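Let me begin by presenting the structure, written as structure tokens, before commenting on it.
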Amino acid sequence: MDFSFVIFLVSTINLISCGSSNSGHLKPFGTVGSLMNIEEINGEYPNILKFFTHYVPKLEPIVSRQVLINDMYYNIWQTDRELENEVDGLSKTNINVESLKERKRIQMKFGDFFDQYTKESLLLADYVPEILRKYIVVPRPLQCDEVVHALQSPVLLINSINTSPLMFNDEHDFFFCLLRGNKRLVLVNTSQYPAARQIVIPDKQKPRRPPLNPENVDLNQYPELENVEYHVANLTAGDCIFIPNGWIFQERSLDSTISILYNINHKQALRLNLEELKTCSESDPLDSSLTLDRIDWTAIESDPENIRDVIMNLINSPTNTYEKWQEAFSKYFTFDLTSDSDISSIFDEFYGIIDIDGNGEVTTAEIEQINGVHQHHISDVLYELMNLVDEKRKLASATAPTTEDENAQETIENEESSDNEDEDLQNYKTDL
């Protein structure tokens, strides 16, 4: 799986503090203060060309109301029982879910999950299982062939009444669609309030603060939120919202909900062919037959057990330091990561992501948090690392002094291995 998007989660704890005169002090995130409505359109998606030439590059959110209700299979998502009855074999399908109480990931049957998730605080946040893909129509702005290449495999989210931590993504835009239930989303634009970014990506040079509790925001600890504008959207089943990258967001599920999260690689989205988008935009309004099962997600979802093994061996090692990780990855990549500043910098970024508490040691608990929607960014960073290592190897090989015969033979071998290396790089762009 290629969950290239890492979303940074801030743990929730009960905090007791006083002293701020702001009306939002010790109140839930985004419920008091400057509350802004998000632009809305009713019964339709934004025009494809405008979506990718305005909302995506300008990082502006937009809500599309009731755009899912006419989808062929929309009604089967409204109750767990109906979903089980309509989808043959669903109850016996294995899934990986998050236990919010035990803070660990467990495997169970879909039928057992439906029986337990409202009682035991279970959350499903994983790629849409193959068995369900034929029942989900791709949203109109994402249906163009030109756009599909910028997508990551969509994520299925099922949970009961719940308040999420603050989340953030610096690489991907999100197109979030609600199939069942009601959610309240609060967004903060870090381009407008760059200091707020420090809440989800703390500066390692500064003292660590207590984690932010979105149910009880302590403005003495987090003064960055004291005068920000909160952009609020109350979603009902059938609605979709575009959440640009660089926006902090937090969601509150008001009842049992099912939603689909589409991840759009922001850099790729900015490079899409405008003529292709224009042609696609002028075609039929919606291809209701374009369901998720008609898109090949195989390259994204293959599972790199070798990378996983490296990580788990390090976790179980008695010496679990940054230097040990750098040494192990250098050995695995057969390339000294310390020998190149660009590669070293990318590895620093990777380690900084997985070392969530920043204490210089990665624990099993931290690795267990890298699940579901939290994996995209990490896999992208690893892929970038491998791609750069591969380029450096080829450069070194091309400049190495050889005899004429040796060079000719090396050229043949390089041509034969080039395709294999490219295939390996694609395999590295997978999920942890």
Side-chain angles (χ1 to χ4, degrees), residues 5-39 59-61 63 100-101 103 121 123 159 161-170 173-174 176 182-235 241-254 257 352-353 355-359 365-366 369 373-374 377:
F5 82 64
V6 154
I7 301 176
F8 294 86
L9 300 182
V10 182
S11 309
T12 60
I13 61 171
N14 290 322
L15 303 175
I16 299 176
S17 184
C18 59
S20 175
S21 60
N22 189 286
S23 59
H25 183 57
L26 301 182
K27 298 292 195 306
F29 180 78
T31 57
V32 179
S34 182
L35 306 182
M36 313 292 292
N37 291 326
I38 295 173
E39 180 184 351
L59 304 178
E60 293 184 8
V63 175
L100 301 180
K101 286 183 178 179
R103 300 186 68 180
S121 297
L123 163 70
N159 60 276
I161 297 174
N162 180 47
T163 299
S164 81
L166 268 61
M167 297 180 279
F168 179 82
N169 197 296
D170 216 10
D173 305 303
F174 298 138
F176 182 93
N182 298 273
K183 283 182 182 284
R184 183 179 190 271
L185 271 72
V186 179
L187 287 67
V188 173
N189 185 0
T190 62
S191 296
Q192 185 177 0
Y193 303 102
R197 183 188 178 97
Q198 298 295 324
I199 297 171
V200 288
I201 309 179
D203 187 340
K204 292 186 177 181
Q205 305 302 318
K206 296 182 179 179
R208 294 187 64 83
R209 295 179 287 185
L212 184 143
N213 179 1
E215 292 281 25
N216 192 25
V217 177
D218 187 340
L219 294 179
N220 291 330
Q221 289 287 347
Y222 291 94
E224 302 97 320
L225 295 176
E226 195 155 356
N227 295 303
V228 303
E229 292 180 347
Y230 296 100
H231 296 252
V232 180
N234 294 302
L235 303 184
I241 182 174
F242 171 62
I243 305 174
N245 83 92
W247 284 64
I248 293 172
F249 68 100
Q250 187 258 344
E251 65 175 60
R252 185 182 300 271
S253 297
L254 306 178
T257 63
I353 295 170
D355 182 17
I356 295 174
D357 61 11
N359 69 347
E366 287 172 316
Q369 293 184 52
V373 293
H374 312 150
H377 184 51

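Every heavy atom of this structure was used, including side-chain atoms; hydrogens, water molecules and symmetry mates were not. Note that the structure is predicted; figures quoted are calculated from it, not measured.
Nearest heavy-atom pair across S164 and P214 is O-CG, 3.6 Å. Annotation for I241 and I38: closest pair CD1-CD1, 4.0 Å, computed over non-hydrogen atoms. Closest heavy-atom contact between I199 and L212: CG2-CD1, 3.9 Å. Scanning both residues, V217 and P28, for their nearest heavy atoms gives CG2-C, 4.3 Å. Heavy-atom minimum distance, S121 versus K101: OG-CE, 3.9 Å. The shortest heavy-atom contact between G30 and V232 is O-CG2, 4.1 Å.
Interatomic distance, CD of E224 versus CD1 of I248, reported as 9.0 Å (0.5 Å rounding). Rounded to the nearest 0.5 Å, atoms NE2 (H231) and CG (N189) are 6.0 Å apart.
By the side chain to side chain contact (heavy atoms under 4.5 Å, CB included) test, P223 is found to be paired with R209, E226, residues two or more places apart in sequence or in another chain being considered. In this structure, the side-chain hydrogen bond (donor to acceptor under 3.5 Å, both in side chains) partners of R252, at least two apart in sequence or on a different chain, are T163, E215. In this view, F29 and Y230 satisfy the ring pair (Phe, Tyr, Trp, His ring centres under 6.0 Å) rule, not counting sequence neighbours.
Taking 4.5 Å as the limit, some side-chain heavy atom of L187 sits within range of a side-chain heavy atom of I243. With a 4.5 Å cut-off on side-chain heavy atoms, K183 and N159 count as touching. At a threshold of 4.5 Å between non-hydrogen side-chain atoms, the residues N182 and N234 do not count as touching. Looking at heavy atoms from C-beta onward, T257 lies out of side-chain contact with L235 at the 4.5 angstrom threshold. A 4.5 Å side-chain heavy-atom check between Y222 and Q198 finds every atom pair outside the cut-off. At a threshold of 4.5 Å between non-hydrogen side-chain atoms, the residues T31 and R184 count as touching.
Ring centroids of F174 and F249 are separated by less than 6.0 Å, placing the two rings close together.
Side chain of T190 to backbone of A196: no donor-acceptor contact under 3.5 angstrom is found. The backbone N or O of L219 sits less than 3.5 Å from a side-chain atom of H25, completing a donor-acceptor pair. Put simply, the side chain of D173 gets close to the backbone of N245: a donor and an acceptor are under 3.5 Å apart.
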Applying side-chain contact (heavy atoms from CB on, under 4.5 Å), run through L123 and N162 and close with a yes or a no. CA-CA 9 Å; L123 163 70; N162 180 47; 5.6 Å; no
